[in-house]
Amino acid sequence: DTEVTQTPKHLVMGMTNKKSLKCEQHMGHRAMYWYKQKAKKPPELMFVYSYEKLSINESVPSRFSPECPNSSLLNLHLHALQPEDSALYLCASSLVETSLTDTQYFGPGTRLTVL
Amino acid sequence: GNSVTQMEGPVTLSEEAFLTINCTYTATGYPSLFWYVQYPGEGLQLLLKATKADDKGSNKGFEATYRKETTSFHLEKGSVQVSDSAVYFCALNTNAGKSTFGDGTTLTVKP
């Protein structure tokens, strides 16, 4: 099974809402990633978890709060977002964080719209 | 720092035409190189990769060769199909836990 799943597929939220994005993988990978992708742009790294600990935070605003409850799950909690946060949010995983040759496996993404 | 430069799109081809999408990179050390494809409304999928100089990655008729002397990893396919229409991203990995992506090249194949 080489699949990364993400829910929900689409999310519309107001600026005062609190919502969460979920990501799951069962490949035994110990590194998991959140990316933000705007239309016609490459993915931008937000967070990296390695062995369930936050390893990299790319200076992401605190209205985005990641959580890794176990080795298979990754959440992204959203609160007080701005319209410019509307984007495709991609989750990815790889065997380990610092491997030169590892492939990242991406989920299908959550299309987020902030009104 | 590391960087990846891809040929600007969009690229429009007729079915069965030959495809080349250029990719060059700048990196310290010896990175691994990847091509990812993103179909409309989907996430990124690995298309092929090469982990050392002169390696050739191939998949689904696509090929790319890791050329250290020209710091390039150009993507080629001999005969494209309408179903190949997508955005293609060149990327590199170092052992620092991050991937660096190019800006993407949009390919449209017309019947």
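Labels below follow one simple rule: chain letters A, B, ... track the order of the sequence lines, proteins then strands, and each chain is numbered from 1. These numbers come from a predicted model, not from an experiment.
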**Asked** Of the listed residues (E44(A), K40(A), E58(A)), which shares the most heavy-atom pairs with chain B below a 4.5 Å separation?
**Response** E58(A)
Specify the closest pair of heavy atoms between [X] and [Y], including all atoms of both residues, with the distance to one decimal.
X: F89(B); Y: Q37(A); result: CZ-NE2, 3.6 Å
X: S99(B); Y: Q104(A); result: OG-NE2, 2.8 Å
X: P42(A); Y: F101(B); result: CB-CB, 3.8 Å

Heavy atoms from other residues, nucleotides or ligands near [atom1] of [X] exceed 12 (cutoff 6.0 Å):
X: Y30(B); atom1: OH; result: no
X: K41(A); atom1: NZ; result: no
X: E15(B); atom1: CD; result: yes

**Request:** Hey, could you give me the CG/OG1 distance between L45(A) and T100(B), rounded to the nearest 0.5 Å?
**Result:** 9.5 Å
**Message:** I want to check something: taking the side chain as every heavy atom from C-beta on, are T103(A) and K49(B) in contact at a cut-off of under 4.5 Å?
**Reply:** yes
**Asked** Below 4.5 Å, heavy atoms only, C-beta onward: do L88(A) and Q38(B) meet side chain to side chain?
**Response**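 When only atoms from C-beta onward are counted, Q38(B) and L88(A) do touch, with a gap below 4.5 Å.
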Taking [Y] as the starting point, is it possible to reach [X] by hopping between hydrophobic residues whose side chains are less than 4.5 Å apart?
X: L74(A); Y: Y35(A); value: no
X: M13(A); Y: V60(A); value: yes
X: Y39(B); Y: L19(B); value: yes
X: L47(B); Y: I21(B); value: yes

**Prompt:** By a 4.5 Å heavy-atom criterion (distance strictly below it), what part of Y36(B) contacts chain A: side chain, backbone, both, or neither?
**Reply:**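 Side chain only.
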**Prompt:** What part of L44(B) is in contact with chain A, defined as an atom under 4.5 angstrom from a non-hydrogen atom: side chain, backbone, both or neither?
**Reply:**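 Both backbone and side chain of L44(B) come within 4.5 Å of chain A.
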**For chain A, the option from A91(B), G41(B), S32(B) that forms the most heavy-atom pairs under 4.5 Å** =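 Most heavy-atom pairs under 4.5 Å with chain A: S32(B).
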